[in-house]
Amino acid sequence: MGVISALKTKYIWPVRIAVLVAAVILIFIGVMNGDAKEVMQKAVNICLQCIGIG
Amino acid sequence: MKLKNETKRNFIQFLFTCLFNGYAVGFAKGAIFKGVTKGICVPVLNCYSCPGALGACPIGSMQTLLAKRGGRLSVYVLGMVMLFGVILGRVVCGFMCPFGLLQDLLYKIPCFKYTKHGKADKVLRSLKYVVLFLLVIILPAFVRNKYGMGETFFCKYLCPAGTIGAGLPLLLKVEALRTTVGTLFYYKLSIAIVIVLLSVVIYRPFCKYLCPLGAIYGGFNNVAFVRLKVNEDKCVSCKACESACDMGVDILTNINSTECIRCGKCIDTCKQGAITRTFK
């Protein structure tokens with residue numbers, strides 16, 4: 001348990017930073033390839049499935 | 001007068017609810033917001049068809065893009081969820097989610113409370129992972145309707161936040177929508193009513209058993225910047241924190257459990273001051 005705990009403490013920051021950087025890169029790629037635009041296109045229209053009609 | 005921490009948390013939840021649903025005109029008009037912020041995912045389960053919604057629901061967006069592209073995951077939505085997850089983990093659930101606030105308020109209604117966290121509870125908790133993989137990822141990605149289009153299965157067949165936050169306010173205001181109401185709406189309304197009623201007796205049943213976003217954020221609890229820590233030198237193992245925890249977290253053995261929504265009740269309960277929030 002002590003060893004696992006020590007390993008967790010040792011690697012937690014590199015893991016966090018890696019996930020954070022990966023998240024920012026993914027968001028950037030997503031904005032560039034039009035994902036954000038597609039999300040917006042969906043979100044500005046009433047979603048009939050969401051409200052239980054379509 | 002000093003406010004209780006629980007009241008402060010509810011107030012913060014209310015502020016976030018207003019922030020994510022700040023388009024008050026939408027409720028009056030029965031229309032939804034169409035501004036540029038709708039392209040940004042909010043961290044919580046907040047239907048983008050709610051008349052007040054200023055942003056996009058990450059779970060709805062994830063399904064929509066999976067359905068549209070035949071299984072290719074949106075890196076944008078994935079990045080957004082990872083960003084919120086790694087910074088906050090399930091703090092999002094405890095402090096920011098409007099549907100979490102609704103369940104918290106319902107649980108305050110004085111009546112019988114079911115607080116046991118037995119075997120059935122443990123099994124039911126894995127349901128949210130089934131919901132995530134089946135309704136949010138696999139079915140929208142691979143199942144096509146008769147027109148060859150994918151569907152947002154979670155939104156269509158389960159999400160009570162959509163029914164309560166978007167369906168009811170829109171149907172109240174827009175007559176044209178009311179005329180199209182059918183079996184699907186009554187089915188979804190029944191699901192929402194069951195969850196609302198259960199929330200009076202069980203603490204946050206939707207978060208515990210069904211929420212796919214909670215399932216994702218729970219995975220980040222162990223590495224998120226915001227975490228909880230037990231000071232073993234101060235802890236006397238009285239387990240008062242575990243008795244107080246409405247989410248049934250084994251605090252002494254796994255304080256950063258996937259189930260912890262970071263509400264801080266354990267911190268308030270511990271007389272030794274052994275539990276603290278940490279950003280390290």
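Chain identifiers are assigned alphabetically (A, B, ...) following the order of the sequence lines, protein sequences preceding nucleic acid strands; residue numbering begins at 1 within each chain.
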Side chain / backbone / both / neither for A/Ile25 at chain B, heavy atoms under 4.5 Å: neither

Measuring heavy-atom distances to chain B, does A/Val15 have an atom under 4.5 Å in its side chain, in its backbone, in both, or in neither?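 Answer is side chain: those atoms of A/Val15 sit under 4.5 Å from chain B.
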
Give, for atom OG of B/Ser74 and atom CD of A/Glu38, the distance between the pair rounded to the nearest 0.5 Å.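 Answer for the OG-CD pair, B/Ser74 versus A/Glu38, is 8.0 Å.
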
Derivation and outcome, side chain to side chain contact (heavy atoms under 4.5 Å, CB included), residues B/Val77 and A/Val39: CA-CA 9 Å; B/Val77 181; A/Val39 167; 4.0 Å; yes

Within the side chain of B/Lys156, is there an N or O that forms a donor-acceptor pair under 3.5 Å with the backbone of A/Gln49?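 Absent.
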
Return the option, out of [options], with the maximum number of heavy-atom pairs under 4.5 Å with chain A.
options: B/Val181, B/Leu170, B/Leu189; answer: B/Leu170
options: B/Leu171, B/Leu78, B/Thr152, B/Val81; answer: B/Thr152
options: B/Gly85, B/Cys41, B/Gly55, B/Gly39; answer: B/Gly39
options: B/Phe33, B/Phe220, B/Tyr48; answer: B/Tyr48
options: B/Cys50, B/Cys47, B/Gly167; answer: B/Gly167

What's the shortest heavy-atom distance between A/Ala22 and B/Met82, and which atoms? CB-CE, 3.8 Å

Closest heavy-atom contact between A/Val44 and B/Lys34?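 So the two residues come closest at O-NZ, 2.6 Å.
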
Are there residues of residues 136-147 of chain B whose heavy atoms fall under 4.5 Å of chain A's heavy atoms? If so, which? none

Who in residues 223-230 of chain B is close to chain A, using a strict under-4.5 Å heavy-atom cut-off? B/Val223, B/Ala224, B/Phe225, B/Arg227

Pair listing, disulfide (SG to SG under 2.5 Å) test, anchored in residues 12-54 of chain A, at least two apart: A/Cys47-A/Cys50

Interface moiety of [X] toward chain A, non-hydrogen atoms closer than 4.5 Å:
X: B/Lys38; answer: both
X: B/Ile32; answer: side chain
X: B/Ile87; answer: side chain

Quick check for you: among A/Ile46, A/Ile51, A/Val31, which has the greatest number of heavy-atom pairs under 4.5 Å with chain B? A/Ile51

Please determine whether salt bridge (charged side-chain N to carboxylate O under 4.0 Å, His left out) holds for the pair B/Arg72 and A/Asp35, giving the CA-CA distance in whole Å, both sets of side-chain angles, and the decisive distance to 0.1 Å. CA-CA 11 Å; B/Arg72 190 160 62 83; A/Asp35 277 18; 5.3 Å; no

Side chain to side chain contact (heavy atoms under 4.5 Å, CB included) assessment of B/Leu177 paired with A/Leu48: CA-CA 9 Å; B/Leu177 284 176; A/Leu48 295 178; 3.8 Å; yes

Can you check side chain to side chain contact (heavy atoms under 4.5 Å, CB included) on B/Lys68 and A/Lys42, steps first, answer last? CA-CA 11 Å; B/Lys68 200 174 170 184; A/Lys42 171 72 179 175; over 6 Å; no

Under a 4.5 Å cut-off applied to non-hydrogen side-chain atoms, are B/Leu184 and A/Ile53 in contact? no

Determine which pairs satisfy ring-ring contact (aromatic ring centres under 6.0 Å, His included) with at least one residue from residues 154-188 of chain B, sequence neighbours left out, and list them in order.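 Every pair satisfying ring-ring contact (aromatic ring centres under 6.0 Å, His included) with a residue in residues 154-188 of chain B: B/Phe153-B/Tyr157.
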
I would like to know whether B/Tyr76 and A/Leu26 meet side chain to side chain contact (heavy atoms under 4.5 Å, CB included); could you show each step before the answer? CA-CA 6 Å; B/Tyr76 173 69; A/Leu26 289 176; over 6 Å; no

